[in-house]
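Because the structure is predicted, anything quoted here is derived from the model rather than measured. Order of listing sets the numbers, starting from 1, for every ligand and every atom in it.
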Amino acid sequence: MFATAFLDIPALQGASGTVTLPGSKSISNRVLLLSALCQGTTVVHDLLDSDDTQVMLAALRQLGCGVQVEGTTVTIKGLGEQLSHPEAITFFMGNAGTAMRPLTAALSVMGGDFTLQGVPRMHERPIGDLVDALRELGCRIDYLGNEGFPPLHIGQPDLKLDAPIPVRGDVSSQFLTALLMALPLAAQDRSITIEVVGELISKPYIEITLNLLARFGIDVERHGWARFVIPAGSRFQSPGTIHVEADASSASYFIALGAIAQGDGIRVNGVGADSIQGDIRFVEATERMGAKVTSGPNWLQISRGAWPLKGIELDCNHIPDAAMTLAVMALYADGPTLLRNIASWRVKETDRIVAMAAECRKLGATVEEGPDWLRVHPLPNGPFTPPAAKGQWQAASIHTYDDHRVAMCFSLAAFNAAKLPVRIEDPKCVAKTFPDYFEALFSVAAAEATQIPVICIDGPTASGKGTLASRVAAQLGYHYLDSGALYRVTAHAALQAGLSLEAADESRIAELARQLPVHFEGEQVLLGGEDVTDAIRSEQGGMNASKVSVLPAVREALVQLQHSFRRLPGLLADGRDMGTVIFPNASLKVFLTASAAQRAERRHKQLISKGFSANIDSLRADLEARDARDMSRSVAPLKPAQDALQLDNSSLTIEASVERVMVWWQSRQVFS
Ligand code: DC
C-alpha cells in the first residue's frame with residue numbers, strides 16, 4: 001500500500017497482463033455469517049481481508065464458531081443447533097456496517113445476553129429502522145446510548161411471526177438484507193413474510209443476498225421488490241465450499257484500463273459473466289463506449305476497440321459506484337458523455353458529483369453538472385483528437401476526499417496524450433476496498449522509460465546517501481536502488497568463487513556480475529537465496545566492492561541490472577555514478593558530501609551501536625583511501641554530475657536533508 005502524502009503517476013503508455021482482484025466486501029461478510037449460521041463446515045475461498053471481515057470473524061469466534069484462517073481461505077464450522085448462549089457476550093463492531101447490521105438481526109432472532117458496540121463513528125450511524133422491524137417481530141433490543149443508534153443490548157425474543165414484518169427499503173438495503181439472513185433461523189415450522197415499506201433502493205445488493213441465501217439452502221420467494229417470503233421448513237445448509245467473487249466495482253478500473261490503454265489487453269481474474277454483483281453491468285457501458293470484452297464465468301478480457309472511445313448517455317442507477325469510472329473514460333471519447341440518475345453520488349463518502357466535476361476540471365476538461373447528472377467533454381487525444389474535444393490536458397494534483405473511488409478513477413488520467421503525470425493525493429484512501437490498487441495498476445501498466453522519474457544521490461562513502469535516498473523513496477513511494485550493494489555482492493560472489501579481485505580475473509568477475517542472482521527484501525540482501533547482508537555490509541566488504549568497481553567490464557556488466565530498477569512509479573538511486581553514467585537524464589541529481597571527520601564519526605557510531613569495536617582514526621584513513629580510489633579510477637569516477645545540486649550535510653540532521661531534497665524535487669514538478 002502507498003501510505004505516502006501523494007503519489008505521482010508518470011504518463012502511462014499502455015497496459016497488458018493479468019490482475020487478480022480482492023474479494024467483494026459485501027459478499028465476504030454475508031458468506032461468513034451464513035457459514036456460521038448453518039449446519040456443517042464451510043470452506044470460504046478468496047475472502048477479502050479488511051477491517052469489516054476481521055470484525056465479523058472475531059464476532060463469530062466469540063459465538064463459538066470454529067474459525068481457521070489460512071491466507072485468503074477461511075474454514076468455518078457452523079453453529080448448527082448450538083444457537084443458545086446463556087453467558088453474556090460483548091461484541092466490538094469497530095466501524096464495520098456490513099458486520100453490525102446483519103449480526104444485530106441474527107443475534108436478536110437467536111436471543112441471548114449480547115451487547116454490540118463500536119467506535120464513536122459507529123455510534124453515529126443510524127440503526128433505528130432495523131431495530132424497529134426486529135422489535136415488531138418480538139425481538140428484545142435496548143439502546144444503551146442514543147435512541148436509534150448503537151450501542152445496543154439484545155435479550156431473549158418472544159417471536160411473533162404470523163403477520164408480515166414491515167421494513168423500510170428507502171434508507172438502506174442493508175436492513176432488508178439483515179432480516180433476510182436472520183429470519184430463516186425462525187422459519188422451521190412456519191413461513192415468514194417481509195414487506196418492504198417505501199421504494200426499495202440498491203436492488204442489486206438484495207440480489208446478492210438472495211443469491212447467497214440460495215447457495216446456503218434458503219429459497220426466498222420474491223414478489224416484485226415489495227414482498228419476500230421465507231418458506232416454512234427453511235434451514236441453512238452449508239454448500240461445503242464457496243468462492244467469494246472479486247469485487248466488481250474494483251474491476252471497473254481495470255476494465256476501463258483495457259478500453260483506454262494500447263497493448264495486448266487486460267485479463268481480470270475473479271469476476272466474470274456469472275457474477276451476482278450489480279456493478280458487473282459496467283461491462284455493458286464500456287462496450288457501448290467501444291471496449292472489446294470477452295468473458296468466462298469468473299474472468300474478463302478487455303482490450304481497446306473503438307478509439308477514441310464513443311461518448312455515451314447513460315442512466316447509471318444500476319451501477320452507481322462503477323459509473324464514476326465512466327466519468328474519467330469520458331475524457332478519451334469522441335464527444336460528451338452524460339451520466340444520468342446519479343443523485344446517490346451526493347451522499348456517499350463525499351459528494352461525488354462535486355468531486356468528479358472539480359477534479360476533471362483540474363485535468364483541463366469542460367464539465368457540466370446538475371442535481372443528479374454530470375456531463376464530461378473529452379480532451380484532445382493526440383492524432384485521434386475529435387472535433388468535440390475542448391480544452392487541453394493539464395498536470396493536476398487530484399484531491400481524493402478520503403474517497404477510495406475518486407483515487408482509483410483518476411489514476412486512469414495518466415494515459416493522456418499530452419504525456420503529463422497525475423498526482424493522487426492521500427493514495428492510501430484506496431485501502432477501504434483495495435489496499436494494493438496502485439501496485440496492481442503498476443503491475444500491468446507500462447510507461448516509456450524516460451517518463452519514469454529517477455532521483456540520483458551520489459557521493460562518497462558514509463556521506464549518508466543510503467539513509468537519505470531510502471527516506472526520500474519512502475516519502476514518494478518510489479523504488480530504491482542501492483548500487484553500492486551490487487558491487488559489494490559482486491565482490492562477495494567473486495571471493496566465494498575463488499577469484500581474486502584484481503584485473504587478472506576481470507572477465508570472470510564480470511561474468512558473475514552479469515548473472516548476479518541478487519534480491520533485495522527490505523534491508524536484507526539475498527544472493528541466490530542466501531542472506532549475505534552482514535557479510536557485505538562490513539568495512540572489508542566496502543573495500544572489496546571498491547576494488548571490483550574499478551574494473552570496466554564489471555561496471556559494464558552491472559548496467560542493465562541497474563536500469564531494471566527504473567520501474568513505476570519512480571526510482572531513488574544512490575551510488576557514485578548514478579547521475580553521471582547510469583541515469584544521465586535523471587530528473588534530479590544530488591551530490592551529497594560531508595567532511596571526512598564527520599563521516600568517520602558517523603561510521604564509528606554506527607559500528608559501535610551494532611556492537612562492533614572500531615577505531616575512529618583508522619576508519620577515517622580507510623574512508624579516505626576508498627574515496628581516493630573511487631575518484632581516481634578511469635571509468636565512472638566519483639564526481640558530481642554537471643547538473644547535480646550539491647548538498648553538504650555535515651551539520652544537517654537527516655530530516656533536514658530529506659526536506660531539502662523534497663523541496664528541490666517539488667520545485668521541479670509540473671502540478672498546478
Ligand atoms: O556505497 P557503498 O559504500 O556501498 O559502495 C561500495 C563501493 O562500491 C564503493 O566504494 C565504490 C563502489 N561503487 C561504485 O563504484 N559505483 C556505485 N554506483 C556504487 C558503489
Asp51 atom CG, neighbour heavy-atom count above 12 within 6.0 Å: no
Residues Asp8, Arg423: salt bridge by 4.0 Å N-O rule: yes
Ring centers of Trp307, Phe415 separated by less than 6.0 Å: no
Atom-level proximity to ligand 1, residues with heavy atom under 4.0 Å: Lys465, Ser483, Gly484, Tyr487, Arg488, Ala545, Ser546, Ser549, Arg555, Gly575, Arg576, Asp577, Met578, Arg626, Asp630, Arg633
Set of residues satisfying side chain to side chain donor-acceptor pair (under 3.5 Å) with respect to Asp643, sequence neighbours excluded: Lys589
Heavy-atom side-chain proximity of Thr286 to Met329 below 4.5 angstrom: yes
Val472 side chain near Met662 side chain, heavy-atom distance below 4.5 Å: yes
